[in-house]
Amino acid sequence: MFITINRISLLAFFLLLTGCVATQKDIDYTAYRQSKPRSILVLPPLNNSPDIRATYSFLSTVTKPLAEAGYYVFPVALVDQTFRENGLLNPGEMHQVPLDKLREIFGADATLYITVTQYGSSYLILSSEVRVTANAKLVDNRNGQLLWQGMATATDEGNNNGGGLVGALLSALIKQVISNVGDPGHVVARKTSNRLLKASPNGLLYGPRSPLYEVN
Amino acid sequence: MLIAKRSFLFLLAATMLVGCAGKQPLLYQWGSYEDQIYAMYSDTGKVSIEEQLNNLEHDYQVARADDKPVPPGFHAQVGYLYFQLGKVDQALHSFETEKTLFPESTIYMDRLIARIKLNKGQNVYNH
């Protein structure tokens with residue numbers, strides 16, 4: 001009995017160890033730590049998926065993970081409006097604006113460039129999956145240096161179990177129909193955004209407004 | 001000795017569990033801020049500007065009652081909504097509040113404030 005618990009603890013310990021740290025590869029944070037950005041300007045994401053909702057669905061999920069990581073996040077809708085008033089109507093054009101111009105208008109320390117590569121459901125005969133994948137680059141507005149980059153993906157994890165073949169077909173179909181009414185991509189976008197942009201090992205560092213901010 | 005070792009491992013596993021899954025308390029009271037932004041783009045016109053303002057005002061009251069700050073961008077978003085309604089003074093006040101709470105926004109807020117003062121009386125957003 002003792003030995004069993006002992007083994008379980010050991011196993012749990014190693015499982016957790018694996019889950020927490022084992023997948024890390026080293027990312028060079030030198031420039032990031034030197035730059036010490038306090039504020040992040042998030043541009044409306046580029047959308048490489050076929051779903052036109054992706055850009056603004058994703059944009060509306062970025063403030064929380066970044067702000068909770070300890071950064072000032074510029075008001076995303078107002079920033080979008082400012083670009084539009086200046087004649088830049090789509091993310092492609094907005095992503096082309098030179099950094100010194102962005103610094104002059106917004107006064108941000110860093111700019112986050114996001115690209116959504118997958119957004120929404122694919123109908124896979126026996127199951128349908130909603131997936132959102134995105135990558136991001138954080139750039140220092142003062143010198144254009146790349147501070148960090150990463151990517152993340154998430155799904156609705158709704159696999160069809162039980163009910164046999166007909167059940168699976170039907171449930172995939174029903175899910176597909178429901179998917180077209182609301183936008184289940186948005187719920188998944190929130191997950192992806194959180195994975196991509198919260199402070200984490202290999203992810204963003206904590207910013208100055210977080211109690212976990214490391215002053216170097 | 002055996003028991004001590006077992007307890008140690010157990011404790012270690014438990015600690016790591018907490019370390020991994022445990023949540024930091026949130027810095028801000030989020031309310032519906034992000035949902036309002038999503039609604040703004042996904043169903044244009046479905047949630048009126050007045051309704052969006054009411055929802056954010058409600059969030060603000062909740063945050064105050066909980067003694068928690070509202071997130072960065074919140075007051076700027078409120079100012080933007082007021083501006084679209086032509087309520088210029090409230091808009092100016094909201095941008096000033098954003099600046100006071102988050103000095104990181106100073107350059108941008110000052111730009112918006114100057115622009116509004118220049119165009120005072122005219123709705124430059126054409127909504």
Side-chain angles (χ1 to χ4, degrees), chain A residues 2-3 5-17 19-20 38-41 44 53 55-57 59-64 66-82 84-85 103-109 182-183 186 189-190 193 199 208-212, chain B residues 2-3 5-17 19-21 24-28 30 33-44 52 69 71-81 83-84 95 98 101-112 115 124-127:
Chain A
F2 275 2
I3 291 169
I5 292 177
N6 203 341
R7 284 204 177 142
I8 291 171
S9 303
L10 250 173
L11 191 69
F13 172 73
F14 281 113
L15 272 177
L16 284 164
L17 202 67
C20 288
R38 296 166 305 145
S39 61
I40 297 179
L41 176 74
R53 297 174 292 192
T55 289
Y56 291 103
S57 168
L59 182 66
S60 72
T61 67
V62 300
T63 310
K64 193 170 178 178
L66 293 171
E68 289 294 339
Y71 297 97
Y72 177 74
V73 183
F74 285 79
V76 290
L78 191 52
V79 167
D80 179 59
Q81 180 62 25
T82 300
R84 287 168 183 273
E85 278 171 35
R103 216 177 63 204
E104 181 195 322
I105 294 171
F106 301 102
D109 291 343
D183 179 9
H186 183 63
R190 202 170 277 289
S193 171
R209 287 186 173 271
S210 168
L212 298 172
Chain B
L2 191 70
I3 291 172
K5 194 178 156 200
R6 189 195 56 171
S7 311
F8 172 72
L9 278 171
F10 207 82
L11 194 69
L12 200 61
T15 310
M16 292 193 74
L17 197 69
C20 287
Q24 273 287 118
L26 293 179
L27 298 180
Y28 304 102
W30 285 88
Y33 174 65
E34 290 202 306
D35 293 333
Q36 301 294 324
I37 288 171
Y38 175 62
M40 222 175 103
Y41 288 109
S42 64
D43 308 295
T44 310
Q52 292 175 47
F74 180 94
H75 285 283
Q77 175 70 11
V78 168
Y80 173 37
L81 295 173
F83 192 79
Q84 291 176 66
F95 292 145
E98 177 83 12
L101 295 176
F102 299 101
E104 299 95 321
S105 70
T106 301
I107 291 175
Y108 186 35
M109 292 303 118
D110 280 349
R111 176 175 292 272
L112 294 169
R115 174 111 185 258
V124 289
Y125 282 108
N126 300 319
H127 269 279

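So that the names make sense, note that chain A is the first sequence line, chain B the second, and so on, each numbered from 1. Values below: all heavy atoms of this structure, side chains included; hydrogens, waters and symmetry mates excluded.
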Worksheet entry | Minimal non-hydrogen separation, A:Pro211 against B:Leu27, with atom names | CD-CD2, 3.7 Å

Worksheet item: Which heavy atom in B:Arg111 sits nearest to a heavy atom in A:Glu104, and how many Å separate them?
Response: NH2-O, 3.4 Å

Discussion item. Tell me which of these, A:Ile105, A:Asp109, A:Val79, has more heavy-atom pairs under 4.5 Å with chain B than the rest.
Written reply: A:Ile105

Discussion item. So, applying side chain to side chain contact (heavy atoms under 4.5 Å, CB included) with B:Tyr38, which one of A:Arg53, A:Arg190, A:His186 is it?
Written reply: A:His186

Can you tell me how far the [atom1] atom of [X] sits from the [atom2] atom of [Y], to the nearest 0.5 Å?
{"X": "A:Gln81", "Y": "B:Met40", "atom1": "CD", "atom2": "CE", "answer": "7.5 Å"}
{"X": "A:Glu68", "Y": "B:Trp30", "atom1": "CD", "atom2": "CH2", "answer": "6.0 Å"}
{"X": "A:Arg38", "Y": "B:Phe102", "atom1": "CZ", "atom2": "CZ", "answer": "13.0 Å"}
{"X": "A:Thr63", "Y": "B:Gln77", "atom1": "OG1", "atom2": "CD", "answer": "9.5 Å"}

Discussion item. Less than 4.5 Å to any heavy atom of chain B: does that hold for the side chain of A:Leu66, its backbone, both, or neither?
Written reply: neither

Worksheet item: Is chain B contacted by the side chain of A:Arg209, its backbone, both, or neither, given a heavy-atom distance below 4.5 Å?
Response: both

Practice prompt. Test side-chain contact (heavy atoms from CB on, under 4.5 Å) on A:Leu41 and B:Tyr108 and set out the steps.
Written response: CA-CA 11 Å; A:Leu41 176 74; B:Tyr108 186 35; over 6 Å; no

Worksheet entry | Part of B:Leu81 within contact of chain A (heavy atom distance under 4.5 Å) | neither

Worksheet item: Quick one: what part of B:Phe74 sits under 4.5 Å from any heavy atom of chain A, side chain, backbone, both or neither?
Response: neither

Only pairs under 3.5 Å count here: list side-chain donor-acceptor contacts from residues 71-78 of chain A, not counting sequence neighbours, and write none if there are none.
unit_1  : atom_1 : unit_2   : atom_2 : d
A:Tyr71 : OH     : A:Tyr32  : OH     : 2.6
A:Tyr71 : OH     : A:Leu205 : O      : 2.6
A:Tyr72 : OH     : B:Glu98  : OE2    : 2.6

Response to the item:
Max heavy-atom pairs within cutoff under 4.5 Å with chain A, candidates B:Pro71, B:Gly79, B:Pro72, goes to B:Pro72

Worksheet item: When only pairs under 4.5 Å are counted, which of B:Thr106, B:Leu26, B:Asp110, B:Ile37 shares the most heavy-atom pairs with chain A?
Response: B:Leu26

Discussion item. Between B:Glu104 (side chain only) and A:Ala108 (backbone N and O only), is there a donor and an acceptor less than 3.5 Å apart?
Written reply: no

